[in-house]
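Each chain gets a letter, A, B and so on, in the order its sequence line appears, and its residues count up from 1. Worth saying up front: this structure is predicted, and the values here are computed from it rather than measured.
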There are 2 protein chains.
Amino acid sequence: MEKKNSGTVGVKEIARLANVSIGTVDRVLNNRVGVSEKTKAKILKIIQELDYQPNIFARRLASKKKLRFATLIPQVSDETTYWEAPLHGIKQAANEIKDFGIEVVTFFFDQNNKESFSDSASKIAVGEFDGILMAPMFEEESIAFIELCNHKKIPLVFINSDIPGYNNLCYIGPNLYQSGYLSAHIVHYLSPVDKKTLIVNISKEIDLHHHLLRKEEGFRNYFEQHGSTNKLTKIDIRQTDYPHIKQKLSDQLKQDDYNIVFVTNSRVATVAKYFEEHKVEGIKLIGYDFLEDNIHYLRNKTIDFLICQKPQEQGYRGVMSLYYHLVLNTHIEKEQFMPIDIITRENYQYYSN
Amino acid sequence: MEKKNSGTVGVKEIARLANVSIGTVDRVLNNRVGVSEKTKAKILKIIQELDYQPNIFARRLASKKKLRFATLIPQVSDETTYWEAPLHGIKQAANEIKDFGIEVVTFFFDQNNKESFSDSASKIAVGEFDGILMAPMFEEESIAFIELCNHKKIPLVFINSDIPGYNNLCYIGPNLYQSGYLSAHIVHYLSPVDKKTLIVNISKEIDLHHHLLRKEEGFRNYFEQHGSTNKLTKIDIRQTDYPHIKQKLSDQLKQDDYNIVFVTNSRVATVAKYFEEHKVEGIKLIGYDFLEDNIHYLRNKTIDFLICQKPQEQGYRGVMSLYYHLVLNTHIEKEQFMPIDIITRENYQYYSN
DNA sequence: AATTTTTTCGTTAACGTAAACGAAAAATGA
DNA sequence: TCATTTTTCGTTTACGTTAACGAAAAAATT
C-alpha cells in the first residue's frame with residue numbers, strides 16, 4: 001500500500017513533480033547556469049521537501065570528474081621516523097578515495113632545509129592541484145605559499161603544527177600547550193613535593209622552535225597554577241647527534257640530583273640511551289611519540305611515559321577533510337585537536353596510531 | 001597514443017577478449033551456474049591477467065541485493081549509560097553502509113534480566129538476518145543462541161566481552177586483564193611504597209561477574225610481580241543504589257587509612273559522590289569509562305584517572321566487520337583488542353570514544 | 001531419428017546521474 | 001516587424017554492472 005517503498009527519490013521523480021526534464025533538475029543540482037530563477041526555486045523547493053539525497057554511486061559512475069590533491073610533509077630521515085606515520089595515514093586515505101576519482105600526490109621536504117620546502121612548494125604550485133595538505137613548519141616560507149594558494153582559491157589543510165590565521169580549511173594536530181600541561185600533571189603525580197625536574201629541549205635551531213616552546217609553556221604553567229614546590233631546570237641541546245647530547249646531559253646531571261626528566265619531543269630515546277649506558281636509575285623519564293626507538297626504551301623500563309598524538313590519523317583526517325570539503329562539501333571543523341594519549345608499557349601493544 | 005588511458009577494464013573488455021558475452025562474464029564473476037568449465041577457465045584466466053577490479057559503484061547501482069544485520073546489546077538504563085556509546089558506534093556504521101543496501105536492526109536486553117536476553121535473541125532468530133553483533137553477557141543463554149546461529153551459518157561478532165571458543169567471526173573489546181594490570185601500574189606510580197589500596201567491586205550478582213574478576217586479577221598480578229609493599233584490600237558491594245554503597249563505603253573507610261581506591265567498573269562516579277559529600281580528601285581515585293558522571297568528577301578533581309576502552313568504536317567496528325566479511329569478504333582479525341586509554345582532566349576534552 | 005530436457009550462452013533493460021547537443025522560447029537590436 | 005543573440009530547457013547517450021529472459025546448443029530420452 002505504500003508508495004514505491006525503497007526511498008528511491010531521484011532526479012526523475014523531482015523532474016516529474018516540477019514539470020521539467022531531468023536535465024533541468026541536474027542543472028540546479030550541480031548549480032550550473034542556464035535555468036531561470038523561477039524554475040530553479042521551484043525545483044529547489046521540491047528537493048528540500050523530498051530531502052533528496054543524490055545517489056553517490058550513480059553520481060560517481062556517471063561523472064568523469066577527477067580531483068588531484070597534493071601533500072607536503074617532511075621526509076622521513078635518520079634523525080626521526082616520526083613522519084612515517086602521517087605519511088601512512090595519507091596513503092590510507094588516498095587508497096580509500098581513489099575509487100572516487102581522486103589522486104593524491106605526495107611531496108616532501110627536508111626538515112633541516114628551508115629551501116627544499118620552497119622547492120617542493122613551487123612544484124605543487126605549477127601542478128594544478130585542487131586541494132593541498134601541508135605541515136607548515138617554516139613560517140615565512142609557508143606563508144608565502146599559503147598566500148599563493150589563497151589567491152588561487154585552493155583549499156589548504158595544515159597538520160601537526162598550525163599557523164593561526166592562515167589556514168583556510170582546517171588545522172589537524174595536537175594542542176601543544178595542553179600536552180605539556182598534561183605531562184606536568186603526570187610529573188606532579190609521580191613526585192608530589194620538593195622534587196627536581198629537568199626539562200630537555202633537543203632540536204636544531206632550524207626546527208620550528210615555537211613548537212617546543214608551547215609545550216614547555218604548558219608544562220611550566222601547570223606548576224605555577226598548582227603552586228608546586230618542584231624545582232624546574234631547563235637545558236637546550238642544539239645538536240641532535242648522540243655524542244653531543246651525551247656530553248650535555250652528562251654535564252647537566254652532575255649539577256643536581258634530578259628526580260624526573262621531561263624531554264619535549266620524540267628525541268627522548270636518545271636520553272634513554274644515555275640513561276641505559278650510564279646506568280642512571282631512579283629518574284623518571286617522560287617524552288613524546290610512538291616511535292620504534294621510544295617503544296624499545298619504554299619496554300625495558302627506561303622510559304616511563306610517552307605522550308602521543310595520533311600522527312597517522314593526522315595524515316588520514318587531513319586528506320579526508322579535503323575530500324569531504326570538495327566532494328561532499330560537508331562542514332569542516334576549523335581546529336581538530338588530536339587526543340593526547342598516554343602510553344605506558346602496559347598499553348602500548350594496543351595503541352593504534 | 002596510449003590505449004584507453006584510465007585503466008578502465010570492465011566486463012565488456014573481458015568479454016571481448018574471451019569471445020563471449022558480458023552475461024557470461026558476469027556469471028563467472030558472481031560465480032553463478034550455467035557456464036561450462038572450459039569457458040569459465042578461459043574467462044578466469046583473463047580476469048587474472050588483467051587484474052580486473054569490478055567497479056563498486058556500477059555494481060552497487062545495478063544490484064538490488066540487500067543484507068540485514070541484527071545487533072543485540074544492553075539497553076541504556078538509569079544504572080549506567082555505558083551502552084550509549086556502543087549504540088552510537090553501531091548507528092554510525094549503519095549510516096555509513098546503508099547506501100550499500102545494508103539494513104541494521106537494533107535489539108536490546110536488560111542487564112539484570114536474563115530472560116530479556118533470550119527473548120530478544122529469539123526475535124532475532126526468526127528475523128532472517130545475515131549477520132549478528134552481540135554482547136554475550138550471559139554465558140549460558142548466549143551459548144544456546146550462538147549454537148543456533150552456527151547451525152544456520154550466520155556470522156557472529158562479539159563486543160565488550162568474549163566467550164572464548166564460541167565466537168565465529170571475531171571479538172572486539174577490551175583486554176580486561178591488561179587493563180587491570182595497567183591500573184595497578186598507575187597506582188604504583190602514585191604511591192611507590194607502603195601504601196594501602198582498596199579495590200571496590202560494585203555490581204549485582206547477576207552481572208557478568210568474571211568481567212570484573214579479570215580486571216582484579218590483572219591488578220593483583222601486577223603487585224605480585226613487582227614485589228610491591230602495597231597492601232591490597234577488596235570490598236564487594238552487591239547493590240548499586242547510592243544509600244547502600246554509601247553505607248558500605250563508610251564502614252570500610254573507617255577500618256583503615258587508604259591512599260588509593262580502585263573501582264573496577266564505571267560505577268566509580270558513585271564512589272566519587274561519596275567522597276565529595278563526605279569531604280574525603282587525599283585519597284586517589286581510579287575507575288573506568290568515559291561517562292558523563294565520571295567526567296564530572298574527573299573535572300572537579302575527585303576522580304584522578306579513568307581507564308577507557310573506546311566503547312563507541314567497539315560498536316562501529318563490530319558492524320563494519322560484518323560488512324567487510326560479508327560484502328567485501330576481507331580477512332577479519334579474530335581478536336581485536338581496543339586500546340587502553342588513560343583519561344585525566346587534562347586530556348578528556350580531546351578524547352574521542 | 002525425433003522429441004524432450006538440460007546446459008550454456010547472448011541480448012537487453014534496468015540502476016540514477018552527468019553532460020553534450022540542439023531545439024524552443026525569450027530577449028535584444030535593427 | 002523581422003532577424004539575431006541569448007537564455008532556458010528537453011532529449012539522448014554513456015557510465016559499468018546486474019539479472020531477467022529467452023535462444024541456441026548439447027545431452028538425454030523416447
For this session: Measure the distance from CD1 on A:Ile56 to C1' on C:dA18 and round it to the nearest whole Å.
Result: 16 Å

Exercise. Counting N and O atoms only, with roles assigned by atom type, does the side chain of B:Glu335 sit under 3.5 Å from a partner on the main chain of B:Ile172, one being a donor and the other an acceptor?
Worked result: no

Exercise. Taking side chain as C-beta onward, heavy atoms only, is A:Asn55 less than 4.5 Å from A:Arg59?
Worked result: no

Exercise. What residue among B:Ile73, B:Thr71, B:Leu72 forms side-chain contact (heavy atoms from CB on, under 4.5 Å) with B:Phe108?
Worked result: B:Ile73

Exercise. Should A:Glu13 and A:Arg16 count as an ion pair when the cut-off is N to O under 4.0 Å?
Worked result: yes

Seminar exercise, completed: Nearest-nucleotide check on DNA chain D, A:Val20 vs B:Arg60; residue mapping nearer the 5' end is A:Val20

Seminar exercise, completed: Taken to the nearest whole Å, CZ/B:Phe57 to C1'/C:dA18 is 15 Å

Problem set entry | Gap between atoms NZ and C1', on B:Lys64 and C:dG16 respectively (whole Å) | 11 Å

Problem set entry | Geometric class of the A:Phe138/A:Phe117 ring pair [parallel <30°, tilted 30-60°, perpendicular >60°] | perpendicular

For this session: Starting at atom CG of A:Leu50, determine the distance to atom P of C:dG16, rounded to an integer number of angstrom.
Result: 14 Å

Exercise. How many Å lie between CD1 on A:Ile43 and P on D:dT8, as a whole number?
Worked result: 12 Å

Exercise. Roughly how many Å is it from CZ in B:Arg16 to C1' in C:dT11, rounded to a whole number?
Worked result: 19 Å

Problem set entry | Integer-rounded Å distance: D:dT18 C1' and A:Leu61 CG | 12 Å

For this session: Kindly say whether A:Gln336 contributes a backbone atom to a donor-acceptor pair with the side chain of A:Arg317 at under 3.5 angstrom?
Result: no

Exercise. Hey, are B:Lys66 and B:Asp130 close enough for a salt bridge, meaning a charged N less than 4.0 Å from a carboxylate O?
Worked result: no

Problem set entry | Angle between terminal axes - the helix from C:dA1-D:dT30 to C:dA30-D:dT1, 5 pairs each end, rounded to 10° | 50°

Exercise. In whole angstrom, what separates B:Arg59's CZ from D:dC15's P?
Worked result: 19 Å

Seminar exercise, completed: What residues 21-41 of chain A contributes to the DNA chain D interface at heavy-atom separation below 4.0 Å is A:Ser21, A:Ile22, A:Gly23, A:Thr24, A:Arg27, A:Gly34, A:Val35, A:Ser36, A:Thr39

Exercise. Donor-acceptor pair, A:Lys40 side chain versus A:Val35 backbone, under 3.5 Å?
Worked result: no

Exercise. Quick check: does any side chain N or O of B:Lys310 sit under 3.5 Å from a backbone N or O of B:Ser352, one acting as donor and the other as acceptor?
Worked result: yes

